[in-house]
Amino acid sequence: MLLYERVAAALRAQIAHGTLRAGERLPSIRRLAEGHGVSVATAVQTYLQLEREGLVVARPRSGYFVRASTPQLPASPPARRRVPGEVNNPALLDATEIRARGDLLPLHSATPALELLPQGALMASVSRCLRRAPAVVLEYAPAQGHLALRRLIAQRYAQVGAPVSPEEIVITAGAMEAINLALRTITSPGDVVLVETPTYHGILQAVAALHLKVLEVPNLPGQGIDVARLDHLLQQNSVRAAVLVPNFNNPLGSLTSDADKRALVDSCARHGVVIIEDDIYGELAWSGQRPSLLRRWDTRGMVISCGSFSKMLAPGMRLGWLACNQWTDALVRAKFFSTVGGTSLTQLAMSDYLQRHDLERHLRRLRRTLADNGQRMFEAIARYWPSDTRASEPQGGLSLWVQLPARGDSRVLSKAALSKGIRTSPGVLFSSRGEYADYVRLSCGLVWNERLDRAMKELGKLAAKLDGSKVITP
Ligand SMILES: Cc1ncc(COP(=O)(O)O)c(C=O)c1O
């Protein structure tokens, strides 16, 4: 047995016996080396091996920790709508406020905390644009959006291996407007749209507002979109479009594999289904490796990609985009007919920021922090919440999807949490018919600190008090 394997075996046994517990800090590399009489290189190799096995995690500037092992969510299919139907979920249709309130801990919102965003640099770009181009800033913007920003977005697509021309890009007010414009361009009221379950409430709200029917395909924890089921559904139903989040679905954080993405694009193309690809979390892979876009396998021009700066730079600037070639003119018309154009100030300020700063550098830091936060949230659940709580193990994005023990109702939990100054998102918001009442979505976008640790403890106590028999009927 190699030296590092011997040391790894010793640590593995301590973890298995509970001598070292989830979330506990492991000895520094130097102490490990001294303790086992091995070289520093061997100690490093030991931790790398245990990290590969998923037993330990490295935290920047803090060292190595034992990974938490909260029971994972079952990979079994969630409840789903097998036949097309209207969105029928009062909780979803009433939800209109996501803004953070200073006095409440915003665990409800899938956005990075302000401290994680380059606030100073963005503000400097806004002031520079106001000073240098007041005339442009005060005029109407082109309906398609300013070319400077479209070019920078196209450059980013080229860097991640999904080339697109600036002429194929339309600037929108966030991904939400992108999805709305795409749906309005592709569908007519009464058409059937395929969505994932669970999925982001904004997608369901858009579908409901346009009087479309939904058909649901499961998104499975750790696996992503159930492509076999999707193909089956497309064979059985006449579907016009699919709104999908293959890269880090909200709320699960799951990633659909490349093989499944290719099969999914093929299946939709065979059935004449237009894919509206919501790639808002594509840049937030916790591993640091940017996953591919569906458009990579799109040979027939059937994919409309939607992106946004909301999750990486500034949700309040309301800047997103559409990228596709076949429907560009129709999408520009839809944008013009609805709002004439976007806001010049934010478009030019974002262009200024992107020209002056290294976005990749900011993203590297953000991804690392989110991965670290996600792991700490996971550990806090393992430590403070009832032992039969289950949580998703996100591969990216900003959310953790938690199943409460004993079928507790997350609306009861969310209400009780609010009285303790904590906001959470009850699971019913992520379904078309009010399912997932026993789930809650928590944000991984807050900076880990004492207050967050206390809040997770408080939530654990509240979860333990939930009585499965007390459920709210919608
Ligand atoms: C999957 C998904 N799509 C779209 C949006 C909305 O993004 P934007 O702020 O860019 O409109 C969100 C926000 O949470 C989201 O999670």
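Atoms considered below: every heavy atom in the structure, side chains included; atoms not considered: hydrogens, waters and symmetry mates.
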So how far is it from L284 CG to N247 CG, rounded to the nearest 0.5 Å? 10.5 Å
Classify the side-chain pair T328/E167 by whether it contains a donor and acceptor separated by less than 3.5 Å. no
Side chain to side chain, S392 and Y439, heavy atoms closer than 4.5 Å: no
Would a distance-only check, ignoring hydrogens and angles, find a side-chain to backbone donor-acceptor pair under 3.5 Å from Q347 to L149? no
Do the side chains of M377 and V402 get nearer than 4.5 Å, heavy atoms only? no
Taking only Lys NZ, Arg NE, NH1 and NH2, and the carboxylate oxygens of Asp or Glu, determine whether R295 and D279 approach each other closer than 4.0 Å. no
W286 side chain to G397 main-chain N or O, any donor-acceptor pair under 3.5 Å? yes
Side chains of S254 and N249, donor plus acceptor under 3.5 Å: no
First locate atom NE2 of H271, then atom CG of L194, and finally report the distance between them rounded to the nearest 0.5 Å. 11.5 Å
Name the one of K261, E283, Q395 that satisfies side chain to side chain contact (heavy atoms under 4.5 Å, CB included) with P291? K261
Flag, side chain of S257 to backbone of D260, donor-acceptor distance under 3.5 Å: yes
Report the distance from atom CE of M350 to atom CD1 of I153, rounding to the nearest 0.5 Å. 9.0 Å
Sequence neighbours left out, what pairs pass side chain to side chain donor-acceptor pair (under 3.5 Å) with at least one residue falling in residues 173-185? E177-K335
Mark yes or no for whether H146, through its side chain, and P142, through its backbone, hold a donor-acceptor pair below 3.5 Å. no
Separation between CD1 (I280) and CE (M312), nearest 0.5 Å, reads 8.5 Å
Heavy atoms, side chains only, cut-off 4.5 Å: are V193 and V239 in contact? no
Would you give the length of the straight line joining atom CD of E168 to atom CG of L331, rounded to the nearest 0.5 angstrom? 11.5 Å
Hey, does the side chain of R441 reach the backbone of H108 with a donor-acceptor pair shorter than 3.5 angstrom? yes
Kindly give the heavy-atom pair with the smallest separation between Y281 and K311, and that separation in Å. OH-CE, 3.4 Å
Go through it in stages, so that I can follow the logic: the residues are D258 and S292, the test is side-chain hydrogen bond (donor to acceptor under 3.5 Å, both in side chains), and I'd like the CA-CA distance, side-chain angles, deciding distance and then a yes or no. CA-CA 7 Å; D258 275 2; S292 54; 2.6 Å; yes
Residue pair V192 / S238, side-chain heavy-atom distance below 4.5 Å: no
Closest contact, heavy atoms only, A416 versus L462: C-CD1, 3.9 Å
M302 to G272 - nearest heavy-atom pair and separation: CE-C, 3.6 Å
Run L204 and T199 through side chain to side chain contact (heavy atoms under 4.5 Å, CB included) and show every step you take. CA-CA 8 Å; L204 297 169; T199 196; 3.7 Å; yes
Checking S109 side chain against P106 main chain: does a donor-acceptor pair fall under 3.5 Å? no
In short, A91 meets L429 closest at the heavy-atom pair O-CD2, 3.6 Å
SB check D372 R376 (cutoff 4.0 Å): yes
If we ignore hydrogens and angles and just use 3.5 Å, is the side chain of N89 paired with the main-chain N or O of V428 as donor and acceptor? yes
If you define the side chain from C-beta out and look only at heavy atoms, does anything of K213 sit under 4.5 Å from V87? no
Determine, step by step, whether N88 and E86 satisfy the side chain to side chain contact (heavy atoms under 4.5 Å, CB included) criterion, reporting the C-alpha distance in whole Å, the side-chain angles of both residues, the deciding distance to 0.1 Å, and the verdict. CA-CA 6 Å; N88 175 16; E86 270 151 30; 5.6 Å; no
Output yes when R229 and E216 qualify as a salt bridge under the 4.0 Å nitrogen-oxygen rule, no when they do not. no
Looking at A206 and M176, what are the two nearest heavy atoms and their distance? CB-CE, 4.0 Å
When rounded to the nearest 0.5 angstrom, what is the spacing between CG in D409 and CG in L404? 8.5 Å
Verdict with reasoning, L322 to S305, per side chain to side chain contact (heavy atoms under 4.5 Å, CB included): CA-CA 6 Å; L322 289 148; S305 298; over 6 Å; no
Are the side chains of L230 and S267 in contact, using a 4.5 Å heavy-atom criterion? yes
Option from V170, L181, I275, I186 for which side chain to side chain contact (heavy atoms under 4.5 Å, CB included) with I304 holds: I186
Does the side chain of S310 reach to within under 4.5 Å of the side chain of R318, using non-hydrogen atoms? yes
Mark yes when over 12 heavy atoms from residues, nucleotides or ligands other than Q289 sit less than 6.0 Å from its CD; otherwise mark no. no
Taking the side chain from E196 and the backbone from P218, do they hold a donor-acceptor pair closer than 3.5 Å? no
Do Y140 and S344 have side-chain atoms, one donor and one acceptor, less than 3.5 Å apart? no
Do D352 and R356 sit within salt-bridge range, that is, some charged N less than 4.0 Å from a carboxylate O? yes
Identified salt bridge (Lys or Arg N to Asp or Glu O under 4.0 Å) counterpart of R67 within the set E393, E379, E51: E393
Taking all heavy atoms of V126 and all of L345, pick out the closest pair and write down the distance. O-CD1, 4.0 Å
Could you go through Q155 and Q159, starting from their C-alpha distance and side-chain angles, then the distance that decides it, and tell me whether this counts as side-chain hydrogen bond (donor to acceptor under 3.5 Å, both in side chains)? CA-CA 6 Å; Q155 284 170 20; Q159 279 164 17; 5.6 Å; no
Looking at S410 and L413, would you say the former's side chain and the latter's main chain have a donor-acceptor pair under 3.5 Å? no
So does R240 get a backbone contact from the side chain of D191, meaning a donor-acceptor N/O pair under 3.5 Å? no
R156 with E360: basic N within carboxylate O range, under 4.0 Å: yes
Can you check whether R423 reaches L105 side chain to side chain, under 4.5 Å on heavy atoms? no
Step by step, work out the side chain to side chain contact (heavy atoms under 4.5 Å, CB included) result for E277 and V243. CA-CA 6 Å; E277 167 179 37; V243 186; over 6 Å; no
